[in-house]
Structure formats: C-alpha cells, structure tokens
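This report refers to the structure that appears directly beneath it.
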Amino acid sequence: MEFKDTGGRFGEYFRVLFRGRWIIVGCFFAVVAATTYLTYRMKPVYVSSASVLILDLDQIDQTMGNSKPMLIRKSRNLNEIEILRSRRISEEVLRSLAESPYRSELEIMRETDTQGNTITFDDRVLILRSQTSVDNPKDTDILRVSVSAPSAFESAFLANSIAEEYYRYRLRSARGEVSEVRQFLEQQLEVVRDQLSQSEDLERAYKESRGVSSLDDEASQMVTQSAQMHALYNQTETDLNAELRRMDFLKRELETTRGSLVEDVSNITSPIIETLQREIADKQARLAALTSNPGPGTEVTVNALENEVESIKGKLVEEVRKIASAGGSIEPLKTSQELYDNLLKSQVEVKALTAKAEALREVLANIDYDLDQLPEKTLVLARLTRDRKLNEELYVLLNEKYEEARISEAAKSAGVEIVDSAKPPEFPVKPRKKLNILFGMLLGLALGAGITMLIDLLDDSLKTPEELERLGLTPLGTIPVVNIEEIRKRLKRRGRELTPADEARIESKMITRFSPKSPISEAYRSLRTNIQFADIDNPKRVILMSSSATKEGKSTTCVNLAITFAQMGSRVLLVDSDLRRPTLHNFFGVDKMYGLTNVLIGSLGFNEVVKRTEVENLDLITAGDIPPNPAEMVASERMKHFLEEARQRYDVVLLDSPPVVAVTDAAILTTRADATILVVSSGMTGRNELKRAINLVNSVGSKVLGVVMNGLDIKKMYGSYYYYFHYYQYYYYYGSEKNDRKRKTKRKSSRHRETGDVSDVT
C-alpha cells in the first residue's frame with residue numbers, strides 16, 4: 001500500500017507562507033486599511049418596507065377546479081408586482097413629491113448630482129425604480145415594497161408613497177367603469193337642467209302672452225301620455241349611452257391584456273343568439289305598447305315581461321360565454337374573468353336597450369301624430385307643456401341615476417389594503433462595517449497568501465534541502481547565513497556592544513577558524529561528516545568543489561570545509577584550480593603567484609608551490625598566473641600527475657574549481673577527482689541551472705556526490721527542523737539569556753559575600 005506524504009506537502013505550503021509572511025502581513029494591513037477607509041466613506045443605505053394585501057380574487061379562483069387557481073393567483077401577483085415597479089407609479093409618486101413639504105429633505109428630489117449635472121424628471125424615475133424592489137412571500141397575497149435611500153426617513157417616506165399611489169391606482173381602476181357612467185350622467189344632468197329651465201320659461205311666457213292658463217282634459221291627458229313616453233324613451237337613450245360608455249371602458253381595459261379579445265366578443269353570433277335577441281326585441285316592443293296604453297292588470301303583465309327579458313338576457317350571456325370558450329377565440333384563463341363577464345353582460349344590455357329604444361320610437365311616433373291633430377293654439381301649449389313635463393321627469397330620473405352612480409362609485413373598493421406602513425429603520429443595511437472589515441481581513445490574508453504562492457510558483461530558485469531531495473539529489477549539508485545587523489540589535493537590547501574583534505570574526509569567511517564553536521562551524525563539521533560517510537567503503541580523498549553559477553559561496557565552503565578536515569588531524573591540501581578567477585589566496589592573505597599553473601607548465605615543482613597556512617595540517621596551493629588556455633591545462637597529463645602526487649602526500653585534497661555551467665574546466669576536473677560536490681545558494685540558484693550543471697557532470701562520465709546548500713536564512717524557514725539553527729545561531733556570540741542571568745547572579749553573590757550582605761541573593 002502506498003501512502004501519500006500529505007503532511008510533507010502541507011508542511012511545504014506552510015514553509016512557503018512562512019517565507020512570505022511579510023508579504024501576507026503587508027497585504028493584510030493594506031487591504032484592511034483600504035476597506036476601512038472605503039467603508040467609512042460610503043454613503044449609508046437604509047431600506048424600509050411597506051406591506052400591501054391583495055383582497056379581491058378573480059372569479060376564476062372561485063369557479064375553477066383545484067389545478068388552475070394557484071397558477072392564476074401566482075400570475076396575478078406577478079402582474080401586481082410589475083405594476084408596483086412600473087414607470088407610471090413612479091411618475092405619479094414623483095409628481096406628488098414635487099408638492100410635498102418634505103421635498104427639500106429628499107435626496108431623490110435634488111436638482112444636481114455630485115458632478116454638478118442637472119437631474120431631469122426621467123432621471124429621477126430611473127433612480128426611484130432602481131431603488132424599489134417588490135417581493136411576494138410564498139403562499140401569501142401580500143406584496144412587500146422595499147425602497148433603499150441614503151436616509152432612514154427618505155426610505156420610509158418613499159416606500160409609503162409608492163404603496164399609497166398603488167392604492168390610489170387600484171381604486172381608480174376599480175371605479176373606472178362606474179366613474180365613466182357617473183361622469184356621463186353628470187354632464188347630461190347639466191344639459192337637462194338647462195332644458196328644464198328654458199321649457200318652464202317658454203311655457204310661462206306663452207301662457208302670459210295668450211292669456212291661457214291650462215289645457216282641456218283631453219289635451220292634458222294626451223300631453224301627459226306623450227311626456228311620459230318621451231321621458232321613458234329619453235331614459236332608455238340615457239341608459240343606452242351610459243351602457244355604451246361602460247362597454248367602451250371595459251374594452252379598453254381588456255385591450256391591455258389581449259387586443260383581439262374585444263373584437264372576438266363583438267363578433268360572436270349563432271342562430272340561438274339571434275333567436276334570443278329577437279325575443280328580447282319582441283318583449284321590449286310589448287312593454288312599450290303596454291306602457292303607452294295602460295289598463296287593468298297592466299302592472300302585473302309589465303312585471304312578468306320584464307322578468308322574462310332578464311331571464312332571456314341571462315341565457316344570452318351564457319350562450320355567448322359557451323361559444324367563446326368552445327371556439328378557443330377567447331382564453332378566459334389568460335384574462336380577468338370578471339372583466340370578461342362584465343363585457344358580455346354589457347353587450348347583451350346594449351342590445352336589449354337598443355331593442356327597447358326602437359320599440360319606444362314606434363310608440364312615440366303614434367302618440368305624436370295624435371297630438372299634432374289638436375287645434376293650433378292648443379297644440380303649441382300642449383307641446384310646451386309636454387316639453388316642460390318631459391324635462392321635469394327626465395331631470396328627476398337623471399338625478400336619481402346620478403345619485404345611484406355616485407353611491408356605487410363610493411362603494412367600490414380598491415381591492416388592496418395597506419397592511420403595514422414603512423417605518424424609518426434604526427440601522428443602515430449598507431455599509432455593514434464589521435462584515436466589510438472582516439471580509440477585508442480575509443481578503444487581505446487570501447491576497448497575501450495568493451501573492452506569496454504565485455511568487456513561489458514563479459520563483460525557480462532552490463530554498464530548502466527538501467527541494468533538493470525532491471529533485472533526487474543528496475543534500476550533504478546546510479550552511480546558514482549570519483546577519484551582523486541582527487546580532488548587533490540583539491546585543492544592544494541586552495546592554496552589550498559588538499566589539500571590532502567580534503565583527504572581524506563574524507565578517508571573516510573563515511568562520512571555522514575564528515569561531516570553531518559557532519553553529520555555522522558546526523554546520524561545516526556536519527558537512528565534513530556527511531562527506532566521510534557518503535561512501536564509507538570508498539573513501540574520497542580528492543574532492544572537487546564547484547557550483548552551477550558564480551557567487552554561490554563555493555570558495556568559502558571549500559576553505560571552511562578544508563579547515564574542519566584539518567581540525568580533526570587530517571593532512572589537507574587546498575588547491576585553487578579556478579584558473580580564471582582565483583580567490584583562495586585572499587582568504588589566507590598570501591600572494592597567488594607561483595601556484596598550480598607553474599606546476600602544470602613545468603617551471604616549478606610540487607614542493608615549491610605549496611604554502612603553509614596558519615591552520616595546522618592545512619596547506620595551500622594558489623592558482624598562480626592566469627593562463628590563456630585554462631581548459632587545456634587542467635586536461636593535461638601533468639594535472640593528472642599533480643593530483644596523483646597530492647593524493648600520496650595528503651589525506652584530503654580539496655579542489656576549488658570554476659562554475660560548471662560557465663566554463664568547461666570544472667567538467668574536466670570532475671574526471672580527475674574522486675568526488676564532485678556542488679554548492680547552491682539558497683534563494684539564488686535556479687532548478688534549471690542546477691539540473692544543467694548535473695547533466696554536464698554526468699555527460700563526462702562523472703557523478704555528483706551531493707549538494708551543499710549555502711546561505712540558508714533560518715528566520716525565513718518554518719518547522720522544527722530549522723529551529724535549532726535559529727535558536728543557537730547567536731549563542732556563541734552573546735550566550736543565552738539564562739546563562740547571562742546566571743553569570744550576573746554569580747557576580748552579585750560574590751560581591752555580597754565579600755560585604756557580608758546576602759539579602760538580595762536568590
């Protein structure tokens with residue numbers, strides 16, 4: 001069974017984040033600061049809501065089965081939501097706000113925006129509609145109108161204004177057809193009032209001029225009958241015109257739903273419908289005849305006929321509805337059933353009144369013919385008296401109908417009710433300061449972590465020994481970096497100063513010589529041990545130190561490694577085989593003249609170029625004069641003989657060579673050495689560079705014994721593996737705080753014993 005190294009993977013992620021902790025901290029504070037600034041700069045947004053209950057249910061909800069009503073109800077609620085958010089409602093609200101005493105307190109009524117641009121009425125409509133939202137809680141007939149605004153008062157005021165305007169709109173819609181009739185009757189009442197006044201004046205004037213006071217009984221009876229029939233005819237005409245106005249209103253309402261519906265209703269016909277219409281016309285003609293010539297039992301007959309007419313009207317409405325539904329030309333489920341029924345009834349009523357008016361016209365023609373047979377003097381007075389009575393009866397009739405229409409209009413309900421008025425909220429919904437700052441904190445951390453991971457992804461450099469292991473290489477050692485400024489700061493916090501001698505010891509790259517007890521010296525000794533045990537059956541005596549690029553600490557590592565070998569008693573020869581840019585002579589303060597190149601050209605012998613160093617058991621051979629052909633010289637047979645002689649005289653021979661990738665010298669020298677060690681600089685050497693260097697070594701038939709990671713910044717590392725170095729890195733230079741306290745206590749105790757005072761000793 002294979003086990004995935006999940007812990008190691010997460011550990012690597014933590015190490016990456018730990019290295020980029022300052023980026024994360026910087027992003028965290030930057031984003032939090034920006035979020036806080038923008039949050040407190042934002043205008044507050046308050047939201048208030050008013051609730052409106054829809055009371056009237058379409059008739060279809062009451063008559064249909066159990067499957068369709070919920071769909072119709074949902075569709076109706078969606079329609080009402082769109083009405084609430086419509087431009088018409090918003091425009092009416094803004095017009096009412098223009099006359100409001102609170103106009104100056106409303107942000108939406110300001111004249112210009114923040115840039116100084118004029119805000120038009122259409123702009124305000126768009127703003128109000130964008131600030132308004134309407135929702136319908138599930139399984140309810142309640143619509144919740146919510147308005148957002150920069151102030152608590154304005155949000156509540158606008159929400160209430162929209163709800164109230166919606167209520168007025170629904171009230172106007174509910175009273176629409178009745179209002180049409182009432183307005184028509186009001187106009188007719190004014191006309192008849194003027195006609196009545198004129199007819200009274202004409203009758204009085206004629207009587208005064210002719211000296212007559214009244215008509216005889218026969219003429220009076222004829223005038224009364226004529227006036228009654230004319231009044232009845234005028235009443236029928238008035239009812240017909242009022243019904244036509246009502247029908248036109250219903251048509252306009254239905255046109256908004258389906259344009260072809262009005263035409264469909266008007267064109268519905270069938271033999272049964274035509275028969276019913278003829279029956280209504282016949283009944284109306286009989287009613288007109290009975291009304292003109294009343295007799296015993298006439299009232300009972302008239303009532304019976306009127307009941308029959310109403311019954312036939314009902315049958316006609318049902319027949320029209322049946323044909324419309326069966327034909328599919330009208331879709332009641334997609335319209336308002338109540339409007340549909342009212343339109344059908346209005347059509348039938350118009351046809352019935354038309355038939356009645358035609359019947360009354362025939363009766364009036366006969367009565368007027370008889371009246372015209374009277375003597376001329378009596379005829380004029382009869383006509384004037386008839387007109388006066390006709391206008392009196394018509395005025396009374398219209399006044400009664402007008403009052404009925406006015407009462408009916410007042411009794412009409414809007415069908416909606418404002419359940420809850422909006423109240424100014426205590427707190428704004430935006431900005432949510434705590435949530436924004438918390439989100440900013442999370443975003444800052446995520447952004448910092450993302451940038452850190454991205455930088456690490458784009459960064460090809462090697463930083464930890466674990467990365468070397470993942471490349472299949474053997475990390476022989478890790479050399480930490482020493483930060484002098486950090487040491488100076490820590491010593492200063494402890495009341496100590498870094499002496500020039502201390503600085504010289506620290507700045508010296510030969511730290512194993514001047515600070516043999518330091519953790520860095522211990523790291524070099526660990527490197528020495530790892531080299532010795534890398535291949536214990538085949539001891540490595542000639543070791544080549546190289547790197548993939550320049551300035552990776554190769555020469556420093558080579559010198560300190562040589563010192564550690566010498567400190568354990570081995571005879572060590574340090575050879576500067578970098579014949580292009582030699583540096584080893586600088587470490588020991590000697591002249592580079594008379595070195596390796598002199599041996600290779602045969603001008604000097606082996607013993608003549610060996611230089612003794614201050615380190616016991618450590619000898620040095622410098623590079624000598626820089627030749628024009630370094631590669632040919634290190635590839636020569638004399639170089640081979642030189643190394644054989646060195647191997648015989650010394651226990652360990654360390655060769656400091658140039659970078660492998662830069663020149664071919666190092667690759668050639670690897671074939672002469674027993675082992676090749678590459679030095680990489682933490683955070684500087686790229687993976688591709690190291691792979692290329694290893695491939696170059698492998699291409700000449702040599703192998704890399706291992707890799708040394710130099711310049712590792714322990715403070716940037718995460719994990720207990722690096723804690724040892726971080727904790728003990730400065731121990732050698734200023735000791736631990738615990739040891740300092742012990743030394744101070746000992747000195748204090750010694751002074752107290754000398755004076756006999758031991759009260760402060762702990």
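Just the heavy atoms: all of them, side chains too, but no hydrogens, waters or symmetry mates, feed the values below.
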Atom of [X], atom of [Y] and distance for their closest heavy-atom approach:
{"X": "Cys558", "Y": "Leu654", "value": "O-CD1, 3.7 Å"}
{"X": "Glu632", "Y": "Asn629", "value": "OE1-CB, 3.2 Å"}
{"X": "Gly711", "Y": "Ser682", "value": "O-CB, 3.7 Å"}
{"X": "Pro431", "Y": "Thr39", "value": "CG-O, 3.4 Å"}
{"X": "Met709", "Y": "Pro465", "value": "SD-N, 3.8 Å"}
{"X": "Leu17", "Y": "Thr452", "value": "CA-CG2, 4.2 Å"}

*Take Asn538 and Lys540, measure what side-chain contact (heavy atoms from CB on, under 4.5 Å) needs, and give me the verdict at the end.*
CA-CA 6 Å; Asn538 298 300; Lys540 310 302 181 183; 4.2 Å; yes
Mind checking whether [X] and [Y] have side chains closer than 4.5 Å, heavy atoms only?
{"X": "Asp674", "Y": "Ile543", "answer": "no"}
{"X": "Met639", "Y": "Leu643", "answer": "yes"}
{"X": "Leu473", "Y": "Leu678", "answer": "no"}
{"X": "Leu574", "Y": "Phe587", "answer": "no"}
{"X": "Thr474", "Y": "Leu705", "answer": "no"}
{"X": "Asp625", "Y": "Ile601", "answer": "no"}
{"X": "Asn617", "Y": "Val572", "answer": "no"}
{"X": "Asn695", "Y": "Ser699", "answer": "no"}

Whether [X] side chain and [Y] backbone form a donor-acceptor pair below 3.5 Å:
{"X": "Arg528", "Y": "Ala562", "result": "no"}
{"X": "Thr676", "Y": "Leu544", "result": "no"}
{"X": "Thr112", "Y": "Asn117", "result": "no"}
{"X": "Arg541", "Y": "Tyr650", "result": "yes"}
{"X": "Asp576", "Y": "Pro582", "result": "no"}
{"X": "Thr671", "Y": "Ala667", "result": "no"}
{"X": "Thr613", "Y": "Val615", "result": "yes"}
{"X": "Lys640", "Y": "Arg672", "result": "no"}
{"X": "Ser547", "Y": "Lys554", "result": "no"}

Please say whether more than 12 non-hydrogen atoms of neighbouring residues, nucleotides or ligands are located less than 6.0 Å from [atom1] in [X].
{"X": "Glu616", "atom1": "CD", "value": "no"}
{"X": "Phe29", "atom1": "CZ", "value": "no"}
{"X": "Phe588", "atom1": "CZ", "value": "yes"}

*Does the pair Phe565 and Gln532 meet the rule for a side-chain contact (heavy atoms from CB on, under 4.5 Å), with working shown?*
CA-CA 10 Å; Phe565 272 110; Gln532 289 175 325; 3.8 Å; yes
_Is a donor from one side chain sitting under 3.5 angstrom from an acceptor on the other, for Thr583 and Ser555?_
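On atom types as modelled, these side chains qualify, holding a pair under 3.5 Å.
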*asked:* Could you tell me if Ser681 and Lys551 have a donor-acceptor pair between their side chains, going purely by distance under 3.5 Å?
replied: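 There is no such pair between these side chains.
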To the nearest 0.5 Å, what is the distance between [atom1] ([X]) and [atom2] ([Y])?
{"X": "Ser577", "Y": "Asp656", "atom1": "OG", "atom2": "CG", "result": "6.0 Å"}
{"X": "Met42", "Y": "Arg432", "atom1": "CE", "atom2": "CZ", "result": "12.0 Å"}
{"X": "Leu604", "Y": "Ile621", "atom1": "CG", "atom2": "CD1", "result": "11.0 Å"}
{"X": "Asn710", "Y": "Glu552", "atom1": "CG", "atom2": "CD", "result": "8.5 Å"}
{"X": "Leu712", "Y": "Thr464", "atom1": "CG", "atom2": "OG1", "result": "8.0 Å"}
{"X": "Asn560", "Y": "Ser521", "atom1": "CG", "atom2": "OG", "result": "7.0 Å"}

With a 4.0 Å cut-off on N to O distance, would you call [X] and [Y] a salt bridge?
{"X": "Arg692", "Y": "Glu689", "result": "no"}
{"X": "Asp619", "Y": "Lys611", "result": "no"}
{"X": "Asp665", "Y": "Arg580", "result": "yes"}

*I would like to know whether Leu445 and Ile24 meet side-chain contact (heavy atoms from CB on, under 4.5 Å); could you show each step before the answer?*
CA-CA 6 Å; Leu445 290 174; Ile24 297 175; 4.0 Å; yes
*Verdict with supporting geometry, Ile668 and Val700, side-chain contact (heavy atoms from CB on, under 4.5 Å)*: CA-CA 7 Å; Ile668 296 172; Val700 296; over 6 Å; no
